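A quick write-up on the structure given underneath.
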Amino acid sequence: MEENCVFCKIIKGEIPSDKVYEDEEIIAFKDINPVTPIHILVVPKKHIATLLDVKKEDSYLISKIYQVINKIAKDLGIEENGFRVIANCGKDSGQEVMHIHFHLLAGKKLGTKIVG
Ligand code: 5GP
Ligand code: ZN
């Protein structure tokens with residue numbers, strides 16, 4: 001846990017969030033500033049600052065994140081229409097929160113370009 005990390009504060013319950021999933025290792029909640037009708041952030045509870053800090057021992061966690069995304073997609077009924085997963089890393093990507101997270105975007109037909 002990092003003192004000044006907004007997602008660590010959400011994980012600790014110090015900042016409220018609209019949770020859609022939680023277990024001992026992963027939390028998922030609605031983005032405060034959604035860019036699509038469904039915009040969920042899937043976040044490991046372990047504080048890892050950026051994708052560049054992911055270590056071999058985090059493999060299980062990263063794999064589990066995709067299993068959680070799979071479950072959320074089914075729970076929200078978006079598995080048929082589909083969705084997009086984005087993880088930003090570093091300044092050119094516009095990463096704002098230095099605690100890795102995966103954006104799950106859905107609920108409308110997304111542009112064919114990945115960047116936009
Ligand atoms: P990034 O640009 O780092 O990939 O994405 C960070 C995301 O976190 C942004 O989409 C932003 O709206 C979201 N966010 C930042 N602070 C909070 C917060 O306190 N609560 C929630 N639910 N989302 C947040
Ligand atoms: Zn953190």
Side-chain angles (χ1 to χ4, degrees):
M1 292 290 156
E2 282 278 314
E3 280 291 299
N4 288 318
C5 171
V6 63
F7 287 175
C8 283
K9 287 181 180 167
I10 287 175
I11 290 159
K12 283 187 276 183
E14 291 174 10
I15 294 177
S17 66
D18 201 345
K19 275 180 242 174
V20 298
Y21 177 88
E22 183 168 21
D23 66 27
E24 59 288 346
E25 290 158 326
I26 293 170
I27 189 169
F29 49 88
K30 293 183 184 171
D31 196 293
I32 203 167
N33 187 21
V35 298
T36 46
I38 295 174
H39 185 171
I40 310 286
L41 300 173
V42 185
V43 183
K45 289 189 173 177
K46 178 180 178 185
H47 180 88
I48 301 170
T50 80
L51 291 178
L52 290 170
D53 300 302
V54 172
K55 303 277 189 274
K56 196 174 179 187
E57 62 263 28
D58 301 317
S59 301
Y60 164 77
L61 205 49
I62 302 301
S63 154
K64 190 174 169 185
I65 280 171
Y66 281 94
Q67 290 169 47
V68 168
I69 288 169
N70 187 324
K71 177 179 165 36
I72 294 170
K74 287 172 183 160
D75 288 349
L76 297 181
I78 54 171
E79 79 274 33
E80 205 172 309
N81 281 349
F83 53 88
R84 181 171 291 158
V85 176
I86 292 178
N88 291 315
C89 181
K91 67 173 166 28
D92 274 1
S93 76
Q95 182 181 1
E96 283 171 22
V97 178
M98 293 298 144
H99 179 137
I100 61 166
H101 51 279
F102 295 74
H103 296 258
L104 169 56
L105 304 171
K108 70 168 199 177
K109 179 106 176 112
L110 301 169
T112 50
K113 290 182 184 167
I114 292 171
V115 290

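Whatever order the structure lists them in is the order used to number ligands and atoms, beginning at 1. In this text, all values refer to a predicted model and were calculated from it rather than measured experimentally.
To the nearest 0.5 Å, the span separating CG on D31 from NE2 on H39 amounts to 3.5 Å. Note that the CG atom of N4 and the NZ atom of K9 stand 5.5 Å from one another [nearest 0.5 Å]. Atom CG of L41 sits about 5.0 Å away from atom CZ of F7, to the nearest 0.5 Å.
Atoms of ligand 1 found under 4.0 Å from any heavy atom of F7 (numbered from 1 in listed order, with element): 8 (O). The ligand atoms of ligand 1 that sit less than 4.0 angstrom from a heavy atom of Q95 are 2 (O), 3 (O). Atom numbering of ligand 1 starts at 1 in the shown order; those under 4.0 Å from a heavy atom of N33 are 12 (O).
Y60 and D58 are not linked by any side-chain donor-acceptor pair at a separation below 3.5 angstrom, with hydrogens and angles left out of the test.
Considering both main-chain and side-chain atoms, V97 comes within under 3.5 Å of ligand 1 through a nitrogen or oxygen pair. Residue H39 has no N or O atom closer than 3.5 Å to an N or O atom of ligand 1. Annotation: F29 places no N or O atom under 3.5 Å from an N or O atom of ligand 1; distance criterion only.
Residue-ligand proximity: V35 is placed with every non-hydrogen atom at 4.0 Å or more from ligand 1. Residue H103 places a heavy atom less than 4.0 Å from ligand 1. Ligand 1 lies less than 4.0 angstrom from a heavy atom belonging to H101. For G94, the closest heavy-atom approach to ligand 1 falls below 4.0 Å.
With respect to atom 18 (C) of ligand 1, the closest heavy atom belonging to the protein is I10 CD1, 3.9 Å. Of the protein's non-hydrogen atoms, the one nearest atom 19 (O) of ligand 1 is V6 CG2, 3.6 Å. The protein heavy atom nearest to atom 22 (N) of ligand 1 is K30 O, 2.9 Å. Taking atom 3 (O) of ligand 1 as the reference point, the nearest protein heavy-atom neighbour is E96 N, 2.7 Å. Of all protein heavy atoms, the one closest to atom 7 (C) of ligand 1 is D31 OD2, 3.5 Å.
F29 is not connected to I65 by any chain of hydrophobic side-chain contacts under 4.5 Å among Ile, Leu, Val, Met, Phe, Trp and Tyr, and they are in different clusters.
Counting heavy atoms from C-beta outward, K19 and K30 have side chains that stay 4.5 Å or more apart. Residues I38 and L105 are not in side-chain contact: their nearest non-hydrogen atoms beyond the backbone lie 4.5 Å or more apart. Contact annotation: the side chain of I69 approaches that of F83 to within less than 4.5 Å [non-hydrogen atoms, C-beta and beyond]. Residues H99 and V43 are in side-chain contact: their nearest non-hydrogen atoms beyond the backbone lie under 4.5 Å apart.
The atom name of the N/O/S atom in H99 closest to the Zn ion (ligand 2) is ND1. Within H47, the N/O/S atom positioned nearest the Zn ion (ligand 2) carries the name ND1.
With a 4.0 Å heavy-atom cut-off, ligand 1 is reached by no atom of F102.
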Begin from the C-alpha positions of D23 and K64 and carry the test salt bridge (charged side-chain N to carboxylate O under 4.0 Å, His left out) through to its verdict.
CA-CA 11 Å; D23 66 27; K64 190 174 169 185; 2.8 Å; yes

Begin with the C-alpha distance, continue with both residues' side-chain angles, and end with the deciding distance and a verdict on side-chain contact (heavy atoms from CB on, under 4.5 Å) for F102 and I26.
CA-CA 11 Å; F102 295 74; I26 293 170; over 6 Å; no

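Dense packing is recorded around CD of E57, with more than 12 heavy atoms of other residues, nucleotides or ligands lying under 6.0 Å away.
Across the listed options N88, I32, V43, I32 owns the non-hydrogen atom lying nearest to atom 23 (N) of ligand 1.
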